[in-house]
Structures are given as C-alpha cells and as structure tokens.
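In what follows, a single structure is set out as structure tokens and then discussed.
Computed from a predicted structure; not experimentally measured. Proteins come first, then strands; the chains are lettered A, B, ... in the order of their sequence lines, and each starts at number 1.
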Amino acid sequence: MNEQLQQNLKQMEISKFQNDLVQWFIREQRDLPWRKDSDPYKIWVSEIMLQQTRVDTVIPYYERFLEKFPTIEAFADADDESVLKIWEGLGYYSRVRNLHSAVKEVVSQYNGKVPNTLKDISKLKGVGPYTAGAVLSIAYGVPEPAVDGNVMRVLSRILLIYEDIAKQSTRKIFEDAVREIIDRDHPSYFNQALMELGALICTPTSPSCLLCPVREHCIAFSVGAEKDLPIKTRKKSTKHVDLIAAVLKTDNGKYLIRKRPSKGLLANLWEFPMVEDGNFMQMRTALTNYLEKEIKVNTQLETGTFTKVDHVFSHLTWAINVFAGTVSGDIKLEDNYLLVTKEELEEYAFPVSHQTIWKTYKEKYHL
DNA sequence: TAAACGTGGCA
DNA sequence: TTGCCAAGTTT
C-alpha cells in the first residue's frame with residue numbers, strides 16, 4: 001500500500017463511514033432472492049452465478065436452480081447433464097462444473113457443511129479470493145474482504161486510488177484497504193453495502209453523487225474527480241471465426257448432435273456439427289467430407305443455407321452459416337455423436353448460438 | 001501477466 | 001454498429 005493511500009485512510013472518519021454506509025444498506029437494499037436466506041450453500045450458489053453476470057439475468061436462474069437442487073446434498077447427487085442443462089444460457093460454464101465438483105467435495109470431506117475458514121473454502125474449485133470473502137462474510141459473518149469490480153470502483157473514488165483496476169494485481173491493494181475500513185461488527189452488511197452502492201449509486205458512468213450516503217467521505221467527489229475514476233485500461237478487440245453448421249435429420253426423424261470437448265470454449269455442451277476455416281464452398285465440402293469420413297454417414301445438404309447466426313463471445317465472434325440436410329446409410333457414430341428425437345434434443349444443454357439455430361430451424365420447417 | 005472463458009443490456 | 005460493462009477464476 002502506497003503512502004498516499006495510507007494517508008487518505010488515516011484521515012478518514014472510519015467509524016462514521018461504516019455507519020453511514022451500513023445504515024444506508026439496511027434502508028435501501030434491493031429485495032433479492034439470495035437475501036432471504038443465510039444458508040451458506042445458497043449464498044455460494046448466488047455468488048458463483050453473479051460472477052460477471054447481471055442481477056436481472058441471475059434471478060430466474062437462481063430460482064430454478066434452488067427449486068431443482070434445494071440442498072447441497074441434492075446438488076451433489078445431480079448428474080452432469082442436468083447440471084449443465086440448468087446453467088444453459090447463463091455462460092461461463094466452467095463455473096457450474098467447478099461448483100458441482102466443489103459441492104461434492106464439501107459433502108464428502110466436510111459432512112455437507114460449507115467451510116467457514118479462508119484456508120479451507122479457498123481450496124474449493126471455482127472459489128477465488130472474491131467468492132471466498134463473500135461467502136465467509138455474508139454467510140458466516142467473518143470480516144474478510146470481498147473485492148469485486150463494484151468495490152474497486154467505489155473505493156477508487158472514495159480513497160482516490162489511481163491504480164489500474166484491469167490489472168489483477170490491483171485487487172490486493174483494495175483488499176488491504178478493506179481490511180482497514182471493514183465494519184468488524186457487521187462484515188456481511190459492510191461488504192454487501194459496498195457492492196450495492198456500486199450497483200445503485202456509484203455506477204461506472206455518471207454516478208449519482210447527490211444521492212450518495214457516503215458523499216462526505218469521498219475524496220474524488222470533493223475534488224471533482226469521480227468521473228475520472230476508476231482507471232481501467234481497455235482490452236483488445238475480439239477475433240472473428242467463420243463456421244459452417246448443419247442440422248441433419250435421419251429418415252426416421254432423428255437429429256445428429258455432438259458433445260463439445262471437455263475443455264475450452266463451451267466445454268461439454270452439445271451442438272450441431274460444425275467446421276471452420278476456408279471459404280464458404282470449401283467449408284461446405286469439408287463438413288460433408290468430415291461427416292462421411294469420421295462417422296460414416298452419407299449426408300445430403302440443401303443447396304443454400306437457411307440461416308446465418310452471428311454470435312459474440314467475450315473474446316471472439318462466430319459467424320455460422322447453417323445448412324439443413326439429411327443423413328443416411330449405415331451410421332456408425334463416434335462416442336461424442338448422438339442421434340436424438342426432437343423431444344430428446346431439448347433435454348441437452350446447447351450454447352445460445354445453437355439454441356438460436358434450432359429455434360430458427362423449427363420455425364422454417366414448421367416443427 | 002495476459003488470455004481464455006458467455007451472455008445480454010445499453011449508450 | 002461497436003465497445004463497454006456485470007457480485008471473477010483458471011491456466
């Protein structure tokens with residue numbers, strides 16, 4: 001921690017700041033489903049879902065998840081396919097794979113009780129420094145920092161911190177600051193209040209300083225620098241990938257789908273067969289050849305594509321041209337391929353891009 | 001340390 | 001339309 005920050009912390013009226021912040025939170029907090037219950041398992045699930053994901057997006061997923069898996073034991077017993085299916089569309093799928101693995105660990109090694117120490121909870125898959133602090137403070141009242149993007153933004157303004165919050169190493173600076181100012185009598189309220197303030201008042205662009213309960217403690221406001229903070233360097237633009245996909249049907253009404261590899265992008269999700277690279281016609285041929293060579297099917301694609309799906313990921317974009325077609329012959333499928341009925345298909349988890357393909361297919365072909 | 005890892009909302 | 005943003009973690 002640099003000297004200027006120590007100086008700013010020293011001049012802060014910490015006790016009054018804590019009180020202003022916590023009382024505001026008690027008064028103004030949103031009514032959110034994960035605030036109805038202090039079950040550590042439920043807090044944990046909510047924290048994983050909320051990683052890089054908006055509250056409004058999470059709410060319905062959270063409700064469905066806990067309806068299906070109301071206890072930690074119920075989730076530990078779930079099969080992998082249903083686990084992925086309930087996360088379908090939420091993104092960052094390694095979150096749920098890690099959560100499932102970690103929950104099984106808690107059930108087998110901790111008798112189903114979520115660890116309440118930093119040392120133990122941090123060993124769990126998918127539990128990084130933020131989530132560890134969040135679960136410990138919110139579920140157990142342990143005064144650990146829970147530093148997320150909100151907290152870095154809010155504190156960079158209040159304490160006038162010009163460190164680049166895009167750099168991972170910067171988080172430690174804010175954790176040290178939180179250790180100095182956290183309300184040790186109300187760590188759950190305090191941590192949630194910092195995040196809630198970031199979500200409702202101290203927003204990224206045009207913060208509502210005139211409504212801010214801790215305005216009088218904010219150095220950036222006092223010097224008119226609130227809109228210059230936080231410092232965050234931009235990341236580079238995404239790369240572009242062209243693909244060809246095919247929705248292929250057998251003469252007895254089944255569809256050919258395949259499971260993606262267990263690592264990397266959209267791991268373990270299902271998709272319609274795709275190939276990438278090359279120009280349009282090469283790719284069309286490549287897809288047909290691939291299917292005929294690798295899984296011994298005869299394919300007949302319609303002449304033109306029936307849809308094009310552009311899908312933007314955080315680090316790349318897919319442009320998928322999609323054919324409809326048929327498969328026939330003596331079909332010998334590789335392990336990762338499957339022939340399923342229309343009804344069965346919808347039991348499997350697909351990425352949003354392929355959900356879109358399927359939806360369009362059903363509309364065009366009147367299914 | 002930087003890049004990978006999803007998706008949808010918004011200016 | 002494009003880029004940024006949202007309760008981060010893993011490799």
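Looking at heavy-atom distances under 4.0 Å, A:W87 makes no contact with the nucleic acid at all. Among the protein residues, A:G198 comes within range of no part of the nucleic acid, since none of its heavy atoms lies under 4.0 Å from any strand. Contact annotation for A:L266: backbone-only contact, meaning every heavy-atom pair under 4.0 Å involves sugar-phosphate atoms and none involves a base. Base contact: A:L32 has a heavy atom under 4.0 Å from a base atom. Note on A:T57: nothing from the nucleic acid sits closer than 4.0 angstrom, heavy atoms only. Among the atoms of the strands shown, base atoms are found under 4.0 Å from some heavy atom of A:R35.
Of the residues listed (A:F350, A:F323, A:F306, A:Y255), the one engaging A:F272 in a ring-ring contact (aromatic ring centres under 6.0 Å, His included) is A:F350, and it is the only one.
Chaining together hydrophobic side chains whose heavy atoms lie under 4.5 Å apart leaves A:L210 on its own. Through ILVMFWY side-chain contacts below 4.5 Å, A:Y92 is grouped with nothing and stands alone.
A search for salt bridge (charged side-chain N to carboxylate O under 4.0 Å, His left out) contacts involving A:K359 returns A:E363, not counting sequence neighbours. Applying the salt bridge (charged side-chain N to carboxylate O under 4.0 Å, His left out) rule to A:E180 yields no partners; only residues at least two apart in sequence or on another chain are considered. Residues passing the salt bridge (charged side-chain N to carboxylate O under 4.0 Å, His left out) test with A:K259 are A:E81, sequence neighbours excluded. Listed by chain and number, the residues in a salt bridge (charged side-chain N to carboxylate O under 4.0 Å, His left out) with A:D310 are A:K308 (sequence neighbours excluded). Not counting sequence neighbours, the partners of A:Y348 by the ring pair (Phe, Tyr, Trp, His ring centres under 6.0 Å) test are A:W270.
Side-chain rings of A:W44 and A:Y41 stay apart, their centers remaining 6.0 Å or farther from each other.
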Output one line per pair: protein atom, nucleotide atom from nucleotides 1-5 of chain C, and distance, for all N/O pairs under 3.5 Å.
| unit_1 | atom_1 | unit_2 | atom_2 | d |
| --- | --- | --- | --- | --- |
| C:dC5 | O2 | A:R54 | NH1 | 3.1 |

Give each protein N/O atom lying under 3.5 Å from an N/O atom of nucleotides 9-11 of chain C, with the pair distance.
| unit_1 | atom_1 | unit_2 | atom_2 | d |
| --- | --- | --- | --- | --- |
| C:dT9 | OP1 | A:G128 | N | 2.9 |
| C:dT9 | OP1 | A:G128 | O | 3.2 |
| C:dT9 | OP1 | A:T131 | N | 3.0 |
| C:dT9 | OP1 | A:T131 | OG1 | 2.9 |
| C:dT9 | OP2 | A:Y130 | N | 3.4 |
| C:dT10 | OP1 | A:G126 | N | 2.5 |
| C:dT10 | O4 | A:Q168 | NE2 | 2.7 |

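Residues A:E196 and A:R30 are paired through a salt bridge, judged by an N-O separation under 4.0 Å between the basic side chain and the carboxylate. Using a 4.0 Å cut-off between charged nitrogen and carboxylate oxygen, A:R157 and A:E226 do not count as a salt-bridge pair. A salt bridge is absent between A:E105 and A:K123: the closest approach of a Lys/Arg side-chain nitrogen to an acidic carboxylate oxygen does not fall below 4.0 angstrom.
DNA chain B is contacted by both A:S169 and A:G91; A:S169 maps to the nucleotide lying nearer its 5′ end (nearest heavy atom per residue).
Rounded to an integer number of Å, the gap from CE of A:M195 to C1' of C:dA6 is 13 Å. Distance A:Y61 OH to C:dA6 C1': 15 Å, rounded to the nearest Å.
Taking the six-membered ring for Trp and thresholds of 30 and 60 degrees, A:Y189 and A:H186 have nearly parallel ring planes, at less than 30 degrees apart. Aromatic ring pairs are classed by plane angle as parallel below 30°, tilted from 30° to 60° and perpendicular above 60°; the pair A:H100 and A:F75 is tilted.
Residues of residues 176-192 of chain A having a heavy atom closer than 4.0 Å to DNA chain C: none are found. For the segment residues 345-360 of chain A, no residue has any heavy atom less than 4.0 angstrom from an atom of DNA chain C.
Side-chain contact between A:D176 and A:R179 is present, with at least one heavy-atom pair separated by less than 4.5 Å.
Comparing the same atom, P, in B:dG6 and in C:dT11 gives a spacing of 13 Å after rounding to whole Å. Across B:dA3 and C:dC4, the matching P atoms stand 15 Å from one another, rounded to whole Å.
With a heavy-atom cut-off of 4.0 Å to chain A, the contacted part of DNA chain B has its first and last nucleotide at B:dT1 to B:dG8.
Annotation: A:E346, atom CD; neighbour count of heavy atoms from other residues, nucleotides and ligands within 6.0 Å is above 12.
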